[in-house]
Amino acid sequence: MNSNRAFSLTRQRLAVLYAGTMGLILAASGFSLYHSMAHERWQSLNRKIETFAGTLHDGIEPALEQPGVVEPVIDQFLPGLMCLNSTQCPEQSSPLERHIAGVTQQENYYVRFIDMSGKVLAAAGQKPEGLPPQANRDIWQTLEATNGTPYRQISLFLKTQDQVPWGYLQIGQSLEEYENYLAQIRWTLTVGFTPAILLVTGASWWLSGVAMRPAYQAYQQMQQFTADAAHELRTPIATIQSTVEFTLDEPELSTAEAHDTLRIIDRQNNRLSTLVQDLLLLSRIDLQSNALNLEICCLNSLLEELVEDFSGRAIAANLTLKTDIKTSAPLMVLGNEEQLYRLFSNLIANAIHYTPPRKPPRKPLIIHMHEEERDAVISVQDTGIGIPSAEQSLIFNRFYRVNSDRSRQTGGIGLGLSIAQAIALAHHGTIQVKSELGIGSTFTIRLPLKLA
C-alpha cells in the first residue's frame, strides 16, 4: 500500500484527520476535566468560608449592643483580636472559650470588623496587606494583596440587638493553595498530553492502514481483473486481426480459404461474445445482488432439466450423468431460476470437461441432493483429473485456470467458477470444493430452503 503514491497520501491524510480529531477530543476532555476540578475546588472553598463566616455571624450578632463597638463576645470567638483606629478591645477571655481561634490559624483565614463608614475596627488571623478595607455590598469578592497573593472574601452585614446597622463582618482566605492545586493539575495534564498524543498518532496511522486495506485490496483486484480481461480480449482480437490481414494480402482467395477465414473469425467472435456476456453477468450480480428477480424455484425440476440438457454432452464424452436425490418432497428455494440454472450448468460442464474419456465401464457423474438443517445441499461429483490442494483456494478467482492448456482447448476462460460462486452468494448460499488429484472433485452448494 505504501508503494502506491495515491494510497500512501490518502493514508497520511486519513491518519492526520484521525490524530487531529482525537487530539481535539483529548484537549477538550482535558479542558473540561480541568474546569470541572477547578469549579469543584472553588465551590468547596466557598462553602468552607461561608460555613465559618455563618458560625461567627450567628454567634456574634445577637450580642451586639452599640454600632461600631467591639463587644466582649467577639473576643470569645476570636481571642487575640487586634483592635484598630484607637478602638478599645475587651479583655481576652479564658482559653476554654476560644473554640474558633484555631480555625483562623489552621485555615489561613483573616477576619475583619468594619463599621458603616468603611473603617476597620478590629482584625484577627492572617494580616494581608493592601486589601481594600471599605464596606462593600457584594457578598463575595476576589481581592489581591500588595504582594500579589489573591484572597477570597465574604462580607456579612451585622445588626445590633435593636436591628440598628452595626457594620460588616469580612472573612477571607488565601487562594495560594488553590492556585498551587490548579497549577499541579495543569502540569499533570500537560505532561500527560504529550505521550497521549503520541499514542493517538501511532493508533491513527495503524487505523488508517486498516481502513485503507479493503479499498487497496479492491483496487488490486480491479487492476488484476482489468489486466486479465485485457489479456483474454487481446488473444481473439489479435487472431481476428492477423486472419483479416492475411486474407487481405492474398491476391487470389479460393472459396475454401474464404470459408476457413470466416470460420476462424466466427470462432474468435463467439469467444469474445462469451467473455463479454460473462463479464456483464458478473458485474450485474455484483451490483444487483440484493435486487434479484426472486421467485419460488423447485430444485428437483431444475436438476431434471439439467440432466436432460447435459446427457448428450456426457454421452459424447463417454460419461454417464445420473442423479441421487434423497428427499421425500420437492425442495423449494427463493431465487432466480435462470441464474440457478447457470450455477449448476457451470459445475456440470466443468465436471464433463475435466473428466478424461475412458473405456467402458463408464464412470458416472453424479448429482446428489438432500436436505440438511433447513438448507438444500446439492453436490456435483465427478471422477476427473482433480485439483491440487494448493490451488483449491484459488479456483474461484476470476480468470484463474488450474490447467490452462486444457481450458483453452475446451474454450474456458476461467470465469465459470467465479460466476457460480457469485450466484451462490447472491442467493445467500455457499459453495465449497473437495478434490483429490487423479481421483476427482466434488462441488457442494448449500442454499436456504423456502419453508412453508
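For clarity, every value in this text was computed on a predicted model and none was experimentally measured. Here, residue 1 is the first one in the sequence, and each next residue gets the next number.
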*Check ring-ring contact (aromatic ring centres under 6.0 Å, His included) between Y178 and all other residues, then give those that pass, not counting sequence neighbours.*
W42
Listed pairs under 3.5 Å, donor-acceptor, residues 322-334 side chains, sequence neighbours left out:
{"from": "D324", "atom 1": "OD2", "to": "H368", "atom 2": "ND1", "distance (Å)": "2.9"}
{"from": "T327", "atom 1": "OG1", "to": "A329", "atom 2": "O", "distance (Å)": "3.4"}

*asked:* Tell me the closest heavy-atom pair linking Y18 and A211, and the distance in Å.
replied: OH-CB, 4.0 Å
*Report the distance from atom CG of L447 to atom CG of L340, rounding to the nearest 0.5 Å.*
6.5 Å
_Validation row: I49, Y109 side chains within 4.5 angstrom (heavy atoms)_ = yes
*Report yes if some heavy atom in the side chain of D309 is under 4.5 Å from a heavy atom in the side chain of E305; otherwise report no.*
yes
_Donor-acceptor contact present, side-chain S345 to main-chain R342, <3.5 Å_ = yes
*Sidechain-backbone polar pair: D375 side chain, R446 backbone, donor-acceptor under 3.5 Å*: no
*Closest non-hydrogen atom pair, I171 against A53*: CD1-CA, 3.3 Å
*T51 OG1 to K48 NZ distance, which is reported to the nearest 0.5 Å*: 10.0 Å
*Are any side-chain N or O atoms of D382 and backbone N or O atoms of S441, one a donor and one an acceptor, separated by less than 3.5 Å?*
yes
*If you measure from CZ on R374 to CG on L449, what distance do you get to the nearest 0.5 Å?*
10.0 Å
*asked:* Quick one, H427 and I423 - any side-chain contact, counting heavy atoms below 4.5 Å?
replied: yes
*Would you say the side chain of I445 lies within less than 4.5 Å of the side chain of V377, judging by non-hydrogen atoms?*
no
*Taking the side chain as every heavy atom from C-beta outward, state whether Q173 and F52 have any pair of such atoms under 4.5 Å apart.*
no
*asked:* Quick check against the 3.5 Å criterion: does T201 have a side-chain atom that pairs as donor or acceptor with the backbone of I197?
replied: yes
*Heavy atoms, side chains only, cut-off 4.5 Å: are N336 and E295 in contact?*
no
*S174 and T149: side-chain donor and acceptor closer than 3.5 Å?*
no
*Name of the residue among V244, T243, I237 meeting side-chain contact (heavy atoms from CB on, under 4.5 Å) with I240*: V244
*From F310 CZ over to I367 CD1, what is the distance, rounded to the nearest 0.5 angstrom?*
9.0 Å
*asked:* Quick one, L156 and Y168 - any side-chain contact, counting heavy atoms below 4.5 Å?
replied: no
*In Å, rounded to the nearest 0.5 Å, how long is the span from CD1 of I366 to OG1 of T442?*
9.0 Å
*asked:* Under a 3.5 Å threshold, yes or no: a donor from one side chain and an acceptor from the other, between R41 and Y181?
replied: no
*Residue pair F443 / Q432, side-chain heavy-atom distance below 4.5 Å*: no
_Has Q392 got a side-chain atom pairing as donor or acceptor with I387's backbone, closer than 3.5 angstrom?_
yes
*So, R152 versus T142: side-chain donor-acceptor pair below 3.5 Å or not?*
yes
_So does G440 get a backbone contact from the side chain of S435, meaning a donor-acceptor N/O pair under 3.5 Å?_
yes
_Test side-chain contact (heavy atoms from CB on, under 4.5 Å) on I385 and T355; report intermediate values, then the result._
CA-CA 6 Å; I385 61 176; T355 301; over 6 Å; no
*Are the side chain of N270 and the backbone of D266 linked by a donor-acceptor contact shorter than 3.5 Å?*
yes
*Between the main-chain N or O of L17 and the side-chain N or O of T21, is there a donor-acceptor pair closer than 3.5 Å?*
yes
*To the nearest 0.5 Å, what is the distance between CG (L262) and NE2 (H259)?*
7.5 Å
